[in-house]
Amino acid sequence: MHSLAELLAHALAMEVEAAERYEALAEQMNVHNNPPLAELFTSLARVERLHAAQIRARAGAASLPHIPAWEYRWRDPEGPETAPFDVVDHRTTPQRALAIALHNERRAETFFTGIEHTAADAQVRALAAELAEEEREHVRLVERWLARYPADPDTPAEDPDPPLAQG
Ligand code: ZN
């Protein structure tokens with residue numbers, strides 16, 4: 001990684017993926033009769049689509065290299081580390097939707113920050129810094145929403161004092 005074309009290809013794939021996931025989450029929040037969260041996810045989908053368009057514009061006519069899906073696909077924080085996130089269904093509660101969003105926004109932020117700190121090319125570093133900052137904003141936004149929702153009753157919090165630790 002680390003040519004400008006590679007960064008653009010990766011960024012584009014991540015933004016398109018995020019937009020699609022947010023659209024699915026928005027739909028699911030409508031099913032849950034939660035218009036505020038449906039609106040949040042719809043607006044995040046719009047922002048990610050806008051980023052994708054900006055990246056495409058920046059890439060110009062350059063044909064971008066292919067990026068393998070496992071490098072950019074969303075993950076389910078509760079699933080196995082290797083499992084891509086592709087199922088949103090009736091079990092996807094508001095809390096869970098926000099947890100999935102937070103996990104994947106953090107992942108994107110980490111990705112771009114890594115490039116910001118390691119790329120040899122100054123132009124690549126600058127673009128990565130810009131994208132990392134935008135992902136940080138998404139992380140903060142999702143964190144604020146998550147704080148408004150009580151713990152998910154379907155997803156028991158980690159037992160602070162598991163029986164195995166007692167003895
Ligand atoms: Zn984002």
Side-chain angles (χ1 to χ4, degrees), residues 1-32 34-59 64-79 81-89 92-119 123-149 152 155:
M1 162 101 18
H2 301 150
S3 74
L4 187 57
E6 277 167 317
L7 173 60
L8 289 172
H10 214 123
L12 180 60
M14 286 184 113
E15 300 292 1
V16 170
E17 163 80 1
E20 284 170 3
R21 300 300 154 190
Y22 279 131
E23 280 154 13
L25 291 174
E27 215 170 287
Q28 197 52 38
M29 291 308 100
N30 277 324
V31 171
H32 272 264
N34 192 323
L37 269 187
E39 262 166 54
L40 170 71
F41 291 134
T42 299
S43 71
L44 280 166
R46 221 178 290 128
V47 170
E48 309 288 15
R49 290 246 180 250
L50 190 68
H51 286 170
Q54 287 166 338
I55 292 162
R56 270 194 203 97
R58 202 184 290 233
L64 296 176
H66 174 76
I67 303 295
W70 57 267
E71 286 191 16
Y72 62 82
R73 286 206 73 191
W74 274 30
R75 308 285 164 88
D76 180 338
E78 283 171 29
E81 195 45 48
T82 51
F85 163 80
D86 58 5
V87 179
V88 174
D89 61 21
T92 310
T93 59
Q95 292 83 355
R96 188 144 166 63
L98 287 163
I100 288 167
L102 184 60
H103 178 79
N104 287 285
E105 291 292 349
R106 281 184 176 150
R107 213 173 134 239
E109 195 269 324
T110 301
F111 171 80
F112 290 124
T113 301
I115 290 171
E116 178 190 346
H117 294 310
T118 58
Q123 206 187 351
V124 172
R125 286 198 303 274
L127 176 59
E130 220 176 277
L131 292 167
E133 180 50 38
E134 284 172 11
E135 299 305 349
R136 265 191 294 282
E137 276 168 33
H138 295 174
V139 167
R140 286 192 291 262
L141 177 65
V142 173
E143 278 173 345
R144 280 200 300 276
W145 277 83
L146 204 45
R148 295 185 204 176
Y149 284 82
D152 191 341
T155 310

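Just follow the structure's listing: the first ligand is 1, and inside any ligand the first atom is 1. Side-chain atoms are counted along with the backbone in the values below, which use heavy atoms only and exclude waters and symmetry mates.
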- [ ] May I have the angle between E48 OE2 and E135 OE1 with its vertex at the Zn ion (ligand 1), rounded to 10°?
- [x] 160°
TODO: Starting from the Zn ion (ligand 1), look over the N/O/S atoms of H138 and name the nearest one.
DONE: ND1
Task: Working for salt bridge (charged side-chain N to carboxylate O under 4.0 Å, His left out), residues E109 and R140 - done: CA-CA 11 Å; E109 195 269 324; R140 286 192 291 262; over 6 Å; no
Task: Donor + acceptor pair across side chains of H51, Q54 (<3.5 Å) - done: no
TODO: Could you tell me whether any N, O or S atom belonging to E15 is less than 2.8 Å from the Zn ion (ligand 1)?
DONE: no
Task: Sidechain N-carboxylate O distance under 4.0 Å for R96, D76 - done: yes
Task: Parallel, tilted or perpendicular: ring planes of W74 versus Y22, cut at 30 and 60 degrees - done: perpendicular
Open item on the list: Among the N/O/S atoms of E105, which is closest to the Zn ion (ligand 1)? Give the atom name.
Closed with: OE1
